[in-house]
Every structure is written in C-alpha cells, then in structure tokens.
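Worksheet for the structure shown next.
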Number of protein chains: 2
Amino acid sequence: MPGELLLLSNSTNHGEAPLAHARAALAEFYAGREVLFVPYAMADHEGYAAAIGAAFAAAGLRLRSVHTVADPAAALGAADAVWVGGGNSFRLLRALQRHDLIAAIRAAVSRGARYGGASAGTNMACPTLRTTNDMPIVEPTGFETLGFVPFQINPHYVDADPASRHMGETRERRIEEFLEENEVPVLGLREGAWLRVSGRTVTLCGRTARLFRRGDEPTEHGPGADLSFLTDAGSVFDVDER
Amino acid sequence: MPGELLLLSNSTNHGEAPLAHARAALAEFYAGREVLFVPYAMADHEGYAAAIGAAFAAAGLRLRSVHTVADPAAALGAADAVWVGGGNSFRLLRALQRHDLIAAIRAAVSRGARYGGASAGTNMACPTLRTTNDMPIVEPTGFETLGFVPFQINPHYVDADPASRHMGETRERRIEEFLEENEVPVLGLREGAWLRVSGRTVTLCGRTARLFRRGDEPTEHGPGADLSFLTDAGSVFDVDER
C-alpha cells in the first residue's frame with residue numbers, strides 16, 4: 001500500500017474556478033514540491049496545462065506538464081509530486097500505456113512521491129478502470145490501472161433524480177451491475193468530496209460519499225469519516241469469472 | 001452491408017411496459033419467425049427471458065432464449081431471427097466473445113436472418129463499443145462489435161439539462177470526445193426512437209435523433225427521416241492513431 005494520495009471526485013465545482021474547492025488541501029499536500037502534471041485525459045494538452053497551471057499557482061504551487069518534457073517516463077519516475085488531471089479516463093489510460101508511464105508513476109509513489117488526481121486521475125489510483133463514468137472512446141490494452149488503493153472509486157457520484165423520465169441506468173444501478181460481476185467495494189465520491197490517503201489511513205474530506213459493497217445495503221459517510229477499513233486486504237477479491 | 005435490422009434506443013419508455021412503444025414495429029419486423037433471444041447483457045438470464053418473452057408475446061411473437069439451449073453458437077448460426085436485449089454492453093460483448101457468438105450472429109444475418117436489439121443490443125450492431133453509455137464493469141477482449149452498420153449509435157441519447165449543477169460530462173460532450181479520437185459519425189438516438197435498416201436504406205422511426213460528425217455542427221432528424229447517407233462507404237474512417 002503506497003504512500004501519500006489526494007483523490008478528488010471532480011476538478012471543478014459548479015460555479016467555481018478549477019480546483020478552487022480543494023485549494024487549501026492541494027497547497028498543504030504539495031507544499032514545497034514541484035508538481036509534474038499528466039494532461040493526457042484531454043485532447044488539448046497545451047490549453048489544459050495552462051488552465052491547471054493557473055489553478056495550482058492560485059494555491060502557491062509550481063506545475064510542469066509532462067507533455068513538454070523529452071522523456072515523460074523518466075521525468076515521472078524521478079518526480080516527487082504528480083497530478084493527473086480529469087477528462088476521458090480511457091484516453092488517459094491508453095496514453096499511460098503507450099508512453100510506459102504506469103511503471104514510472106508506481107515507482108515514484110513507492111519512493112514517496114505524492115500522487116494526486118481528479119476524476120479520471122482518481123480512477124487511475126484504483127485497481128481497474130471498471131468504475132469510470134466515461135465513454136470508451138478509445139481502446140486501452142487492458143483495464144488495469146495504478147492500484148494505489150485496493151478499492152474502486154466512482155467519481156462525480158450522483159444520486160438519482162426522482163423527477164427524471166430518462167430510462168438509462170442510474171449511477172447506483174451501474175454500480176450494482178459492477179457488484180454483480182466483482183467483489184471490490186466501490187466508493188461513490190460526490191462532487192466536492194475527496195480522499196486523503198496516508199499509508200493505510202483513508203479520510204473522507206469536503207463532502208459526502210456513498211459506499212457500495214456486494215450483498216450489503218449502501219452506507220453514507222460524511223466529511224471527516226475514517227474509511228481506513230477499506231484498505232483491509234480481505235476486502236479485495238475480484239470475481240470476474242462468471 | 002448485411003440485411004434487415006431493427007435498432008431501438010431503449011427497451012422501455014418511461015411509464016410504459018417493456019417494448020410497448022415499438023410493439024407494432026416488432027410484430028411487422030419478425031412476422032412469422034421464431035425469435036432467438038440473447039439475454040447476456042443482464043445477470044439474471046431466466047428473469048430477463050421471461051420479461052422479454054412476455055413483451056414479445058404481446059406483439060404476437062414467439063421467443064426462445066439462447067441461455068436455455070445446449071449450443072448457443074449453433075442455435076444462433078441457424079436462427080432466422082435474433083433479438084439482443086439491453087443491459088450492460090461490456091458484459092454482453094464479453095459473453096458474445098466467450099461463447100463464440102460474434103461469428104455465428106454475423107453468419108446468420110448475412111444469410112438473411114433478421115437482427116433486432118435495444119440499447120446494448122443496438123450498440124452491438126455498430127462497428128465498436130466506443131459509443132456505449134455503460135460502465136465498463138468487465139473487460140472484453142476487444143471493443144469490436146458486430147459491425148452491421150458502418151456508423152456508431154449512442155442509445156438513450158439525452159440532451160443536457162440547463163438547470164443541472166452536475167459537472168460530469170454531458171452526453172454531447174462525451175460524443176465530442178469520441179470525435180476528437182475517431183472519424184466515424186455518431187447518431188444519438190433519443191429514447192423512443194429506433195432505426196429500421198434494410199440493406200443500405202436507413203429510416204429513423206418513433207422519435208428524433210441528433211447526428212454528430214467530426215468538424216460539423218450536429219444536425220437534428222425527425223421520425224421518417226431517410227438516413228441512408230450514413231451507409232456511404234466514404235463515411236467510415238477510424239482515426240484512432242493519435
């Protein structure tokens with residue numbers, strides 16, 4: 001179970017500037033470190049790096065984007081702070097695979113580098129891509145992700161709208177489908193919420209989350225909740241052999 | 001370009017019985033044929049086959065589910081009518097791959113078997129899974145699907161709610177992301193809409209659809225619209241080499 005993580009549900013709260021809702025948490029988490037930014041979840045790396053660079057500057061932090069360096073794998077392997085931005089998680093994972101960045105980021109974090117992300121960047125910290133909300137616009141070579149935590153996170157978790165007449169699956173129904181096929185718990189992080197992970201200690205911050213476990217009723221958790229029980233090794237068992 | 005297809009956005013309209021909105025179209029499409037049902041998008045094959053069997057009976061049609069036959073691939077290869085039900089499209093595609101049903105269904109349709117589906121069943125008729133709305137709860141061996149039409153369909157297409165404060169991507173934004181990576185057109189079929197495909201003739205029925213093409217403004221199409229231009233060979237070109 002590696003190191004120090006900051007995993008946001010979303011980059012931007014409605015009506016706010018990017019990352020404004022988590023500015024103090026980012027400032028504390030990355031204090032004194034230069035942050036290497038992974039922009040591959042978006043198509044426009046340049047524009048994305050500028051926007052996130054400004055958001056980090058507002059938190060008093062310096063950010064450099066890996067799309068501007070000659071050897072992204074070497075740079076990430078040597079980094080002591082990484083931020084993986086949101087966007088499309090299939091596009092992001094395929095880029096990590098193509099540029100050989102999975103092993104580089106794992107090596108950095110196991111050495112003590114701090115890993116943070118929002119949305120797709122949070123999906124990457126889980127064992128697999130299987131609880132993303134994104135459209136599978138490109139095909140990665142597999143769904144395995146960084147695996148820094150042993151449970152799944154569903155970012156942008158949203159409760160069903162009782163007034164809706166739309167017949168597509170609710171988010172809760174989608175997570176139930178996941179639990180029909182897998183035994184890994186899923187934490188639905190509502191927008192504005194994030195996790196601070198330090199070794200085996202997991203703390204919910206900012207807003208509420210809904211936890212789904214196979215065979216149990218979902219449970220609600222509020223800001224400040226200690227969710228460290230999710231890192232118990234026994235909680236991880238992937239069925240996937242139906 | 002194979003045969004005769006009936007591709008529904010959704011199985012069930014809000015407040016209606018399953019398939020009630022398309023009952024007359026189903027009765028005409030499958031008249032005189034026994035329909036072989038593919039239930040693998042859902043976890044409960046037995047319950048699903050019973051529900052869809054009742055919906056087909058209401059249209060005067062007989063339905064048999066492939067989960068009850070000894071050799072699903074042989075049965076599908078010999079079928080003269082197939083219905084692929086909705087649910088989770090990743091689970092469905094993985095089942096088609098594991099049971100060797102892709103080649104069997106293609107062979108049947110190229111012989112003149114009628115293919116119909118709703119939601120995940122409609123996703124299967126496209127070149128790839130890349131415009132599904134579903135959560136990737138299991139990992140198929142690849143995203144290639146049946147390819148009965150040379151364009152992509154997004155089932156359950158839904159317009160953005162201007163009052164929403166949720167910051168997850170709108171459906172339109174997700175399809176724009178797809179077009180950042182691919183050149184295949186995407187037809188967003190609103191709930192209640194379906195396509196009737198006969199060779200190279202494509203007709204929109206029931207409700208409206210929104211068509212997305214790379215570099216163009218989206219266009220709106222109403223019931224009765226002739227969308228046969230989407231089967232022009234020149235419209236299909238997958239970039240995916242970014």
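Chain letters run A, B, ... following the sequence lines, proteins first, then strands; residues in each count from 1. This structure is a prediction, so every number in the text was calculated from the model and none was measured.
- Here the side chains of B:R94 and B:E139 are not in contact, with every heavy-atom distance at 4.5 Å or above.
- When heavy atoms are compared at a cutoff of 4.5 Å, A:N154 approaches chain B solely by way of its side chain, counted from C-beta outward.
- Put simply, the side chain of B:F151 reaches to within 4.5 Å of the side chain of B:L230, judged on heavy atoms.
- The most heavy-atom pairs under 4.5 Å with chain A, out of B:R165, B:E169, B:H156, come from B:R165.
- Proximity to chain A is limited to the side chain of B:R171, based on heavy atoms less than 4.5 angstrom apart.
- Contact annotation for A:S164: only backbone heavy atoms (N, CA, C, O) come within less than 4.5 Å of a heavy atom of chain B.
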For a side-chain hydrogen bond (donor to acceptor under 3.5 Å, both in side chains) check, start with the C-alpha distance between B:Q97 and B:T141, then their side-chain angles and the critical distance, and finish with the verdict. CA-CA 8 Å; B:Q97 291 167 343; B:T141 56; 3.2 Å; yes
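- Interface check for chain B: of the options A:R174, A:M42, A:H166, the most heavy-atom pairs under 4.5 Å are formed by A:H166.
- Within the 4.5 angstrom heavy-atom criterion, atoms from both the backbone and the side chain of A:E177 approach chain B.
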Test side-chain hydrogen bond (donor to acceptor under 3.5 Å, both in side chains) applied to B:T128 and B:E144, step by step: CA-CA 4 Å; B:T128 76; B:E144 184 185 342; over 6 Å; no
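- A salt bridge is absent between B:E181 and B:R214; no separation between the charged side-chain nitrogens and carboxylate oxygens falls under 4.0 Å.
- Using bins of under 30°, 30° to 60° and over 60° for the plane-to-plane angle, the ring pair B:F90/A:F90 lands in the parallel bin.
- Annotation: maximal heavy-atom pairing with chain B below 4.5 Å, among A:D134, A:L129, A:N10, occurs at A:D134.
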